[in-house]
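Structure first, commentary second.
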Amino acid sequence: MRSILQFLRSHPTGPIERLDRPTYIKDAKRQLDRQADFTDFNVFISLPSRDAVQRAARTAEASWDKDKHTDPFGRLVALKDNICTSNFPTTAASGILKNFTSPYEATVVKQLRGAGAIIAGKTNMDEFGMGSHSTNSYFGRVEQLGYEGEQLSAGGSSGGSAMAVAWLQCWAALGTDTGGSVRLPAAYTGVMGFKPSYGLLSRWGVIAYANSLDTVGILGSRAEDVRAIFNTLNVHDPQDPTSLVPSTRARFTSEAHARETIGHSSINLRIGIPMDYNIDTLHPTVRKAWVKSLRLLEMAGCTLHPVSLPATQHALSTYYVLAPAEASSNLAKYDGVRYGSRAQGVDGTPESILFAKTRGQGFGPEVRRRILLGAFSLSAQAIDNYFIQAQKVRRLVQQDFDNVFSRPNPLITASEPSSPGNGVDILLCPTAPTLPPTLSELEDQDPVKAYMNDVFTVPASLAGLPAISVPVSFEVETENEGAIWDKSKFETVGIQLIGQFGDDHLVLRVAELLHSISADGLR
Amino acid sequence: MASKRALIHAQSFFSPLQTSNASISLLPRNTYRFKSQSSTQWPEQVKGDDLKDLLTRSTWSVESLLPSKTEARDAPEISSEHLHHLLRLSALPLPENQEEEAKMLQNLSAQLHFVGKMQQVDTTDIKPLRAIRDETSEAEKEHTITMDMLKDALAREKTIGKHYKRIQRNTDAVDTKDVENWDVLGSAERKVGRFFVVESERPQE
């Protein structure tokens, strides 16, 4: 019998869909109409002209060659507004960059254009990526419409990109994920949100928040679409010093091949259940969707194994030391002199330090809070106990994952040979502890309380692992289970799959499998 | 331009040269350093209905990271003076009044309580994870700069002098088009001629 694992690993690229005739013009028109219909959601910060997009779609459809062109050719792809483009402004949703247009384009944008994708516009976000609900934006918050007309959080910080995909305003979108900023909005809006292994996609031209954690992520309706973009962008970029070099990439690609030839004919896909993700504030519906996803995959032939990742409990604190510290350093350059906006009048008086006025007006409150926290943890008296200690706990988080995966971490020289029989191939857990909160609930929320949303996404970011949020549909509840939650408000819950470093294709394949069987379960 | 600068900054920290100098050590597998729930033994495999039972009981509370109302905050005391120092380091404006200052101090103290939990972890002999990069011995070897790699560059050097041998300065034009042909003032909001304008009252030192 052929095992699922073997099937998943031997089809890293998946079947390529061959269209008989593309429908780029029709699709683009429909997506443009939807952009115009839903301007209230505040999804885009800047858009190209309708004519330009339609012209590009017509050109693509006319020049389409069945054997040459595959996705994302001719497709509308939206970009988070912290990814530099030379024909639109790039603001990172910050007042300090409100009028900034980059003189050059990010590598990922060049790669998308090179593959024939059409840029659908720049999406709204939390300022510099700092936030979990896309409400910290200079251009106003992103809003999501609930079933009963209530205004819900779209998740953050790539909330605009997720909404553009969820409301069919584009074919797919790029976001960035530092501690969950692609996966969280994907979970809240019911789309796929993929954060690849750190260092696979180029960050050149992507505005840095916390450089050791920042990744470019992909949002789409289907795993196949996400994979098509991932394959387009998964190339070494010499301009990004943190981009993994070809020799490193070759090492884990050849390992994947070796695994195939060794064969897993008698072993099925082993799914790990990280028990430390079962927190007491986990929403009952989320827990239900978690159990459901595991059951479906068990029925599909996978085996389920509880695992312990004890450093998880410290991952969130660790992240909120490291990310603000790196941010305070990365954002130190914004003074409005060479680029960006300046405060009116004199800046720098005997009482106030130079550029403090510009930075005070240009940055929003959450950005200022994180810069201040970062300055503290990097200051001479605190650096050892905070920043360095956090980097050490980060190592423990990485070792936690290495302890449970069957495949050794390809970035580390293993001290002993791994034993493929004992570990798991992939981890499955919720993406977020709750369903999207309403925007009114968030208005008076303590800023620190908002950090807790990231509890399930931060560990994979710290270890640089590939992770995806998959929208899992659940049956609408009819029986009353203590009426703890509203029964019919939501139809999907974000379920996260985390793989070992470099196992991006396995993560995408299992996402595809889970997505299809969870949808079938409804029918 | 923003991120271009950031990447240059990153490069100075994570350059291949540093990779080659780093010593690589890995703790033995299964070295756990956590008390609490880590000692719980979970079954090796679960099936069917056992799954629901397994996930019924939670393992910990994320709320435990927040300060409770009764217990004192577990965070270092930040004085007003210290806050002002941090704001100056951050080039951010000082609070305008007492109320704003109290709020800033309260925020910082809540944040510090929240992140303080990870200080309890025993990290003796743990090598900090500063960046996700290839730490294998193969990569270390590949990134080590050898004399062989420098052969061509060294061969281009011209030495002059008989008793005092020294390398002659190469006066050939270097093609810097890709790095120097950008408009430095192109994105500046305030400029006069070839200068940036910064209005300041601060006395010049």
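Remember, predicted model here, so these are calculated numbers, not experimental data. So you know, we letter chains A, B, ... as the sequences are listed, proteins then strands, and number each from 1.
When the candidates A/S328, A/P324, A/S247, A/A332 are compared by the number of heavy-atom contacts under 4.5 Å with chain B, A/S247 comes out ahead. Comparing B/R88, B/E142, B/R190, B/R57 by how many heavy-atom pairs each has under 4.5 Å with chain A, the most go to B/R190. With chain A as partner, the option from B/E63, B/H82, B/E199 having the largest number of non-hydrogen pairs under 4.5 angstrom is B/E199. Here B/L54 is the residue among B/L65, B/L54, B/L94, B/L108 with the most heavy-atom pairs under 4.5 Å with chain A. Of all the listed residues (A/S341, A/A375, A/G360), the one sharing the greatest number of non-hydrogen pairs under 4.5 Å with chain B is A/S341. Put simply, of A/T312, A/D347, A/L462, the one with the most heavy-atom pairs under 4.5 Å next to chain B is A/D347. The candidate from A/E326, A/E298, A/R342 with the greatest count of non-hydrogen atom pairs under 4.5 Å with chain B is A/R342. Ranked by heavy-atom pairs shorter than 4.5 Å toward chain B, the options A/Q361, A/R368, A/K392, A/R369 are led by A/K392. Contact count against chain B (heavy-atom pairs under 4.5 Å) is highest for A/G340 among A/P447, A/G340, A/S379. For chain A, the option among B/S61, B/G186, B/P128, B/A188 with the highest count of heavy-atom pairs below 4.5 Å is B/P128.
With contacts defined as side-chain heavy-atom distances shorter than 4.5 Å, the pair B/L51/A/R295 qualifies. No side-chain heavy atom of B/T136 sits under 4.5 Å from any side-chain heavy atom of A/I412. Taking the side chain as every heavy atom from C-beta outward, A/L354 and B/E201 never approach each other to under 4.5 Å. At a threshold of 4.5 Å between non-hydrogen side-chain atoms, the residues A/M452 and B/L66 count as touching. Put simply, the side chain of B/P76 reaches to within 4.5 Å of the side chain of A/Y386, judged on heavy atoms.
Formation of a donor-acceptor pair under 3.5 Å by the A/Q398 side chain with backbone atoms of B/L129 is not found in this model. With hydrogens and angles ignored, the 3.5 Å screen pairs a side-chain donor or acceptor of A/R287 with a backbone N or O of B/L55. Not a single donor-acceptor pair under 3.5 Å links the side chain of B/W42 to the backbone N or O of A/S308. Although no hydrogens or angles enter the test, the distance criterion places no donor-acceptor pair under 3.5 Å between the side chain of A/D280 and the main chain of B/T59. In this structure a side-chain-to-backbone donor-acceptor pair under 3.5 Å is missing from A/R359 to B/L92.
Using a 4.0 Å cut-off between a side-chain N of Lys or Arg and a carboxylate O of Asp or Glu, B/E135 and A/R395 qualify as a salt bridge. Between B/D134 and A/R249, none of the side-chain N atoms (NZ, or NE/NH1/NH2) sits under 4.0 Å from a carboxylate O, so this pair counts as no salt bridge.
A/V245 touches chain B through its side chain: at least one heavy atom from C-beta onward sits under 4.5 Å away, while N, CA, C and O do not. Contact of A/L372 with chain B is made through backbone and side chain together, with heavy-atom distances under 4.5 Å. Neither the backbone nor the side chain of B/K191 comes within contact range of chain A; no heavy atom of the residue lies under 4.5 Å from a heavy atom of that chain. Residue contact with chain A, scored on non-hydrogen atoms closer than 4.5 Å, involves the backbone and the side chain of B/D49 alike. Neither the backbone nor the side chain of A/D335 has a heavy atom closer than 4.5 Å to any heavy atom of chain B. Both the backbone and the side chain of A/V346 come within contact range of chain B, judged by heavy atoms closer than 4.5 Å. With a 4.5 angstrom heavy-atom cutoff, B/S64 does not touch chain A via any of its atoms. Interface remark: A/A463 contributes backbone atoms only to the contact with chain B (heavy atom separation under 4.5 Å). Interface remark: B/I78 contributes side-chain atoms only to the contact with chain A (heavy atom separation under 4.5 Å).
Expressed to the nearest 0.5 Å, how far OG1 of A/T413 lies from CD of B/E138 amounts to 6.0 Å. Interatomic distance, CG of A/L373 versus CD of B/Q111, reported as 4.5 Å (0.5 Å rounding). The line from NE2 of B/H85 to CZ of A/F376 is 11.0 Å long, rounded to the nearest 0.5 Å. Note: B/L112 CG to A/S317 OG = 11.5 Å, rounded to the nearest 0.5 Å. To the nearest 0.5 Å, atoms CZ (B/F114) and OH (A/Y451) are separated by 8.0 Å. Note that the CG atom of A/L97 and the OG atom of B/S187 stand 10.5 Å from one another [nearest 0.5 Å].
For A/Y339 and B/E189, the side-chain atoms include no donor-acceptor pair closer than 3.5 Å. Between the side chains of A/Q389 and B/T123, at least one donor N or O lies within less than 3.5 Å of an accepting N or O.
Around atom CZ of B/R194, no more than 12 heavy atoms belonging to other residues, nucleotides or ligands sit under 6.0 Å away. Other residues, nucleotides and ligands contribute at most 12 non-hydrogen atoms within 6.0 Å of the CE atom of B/M147.
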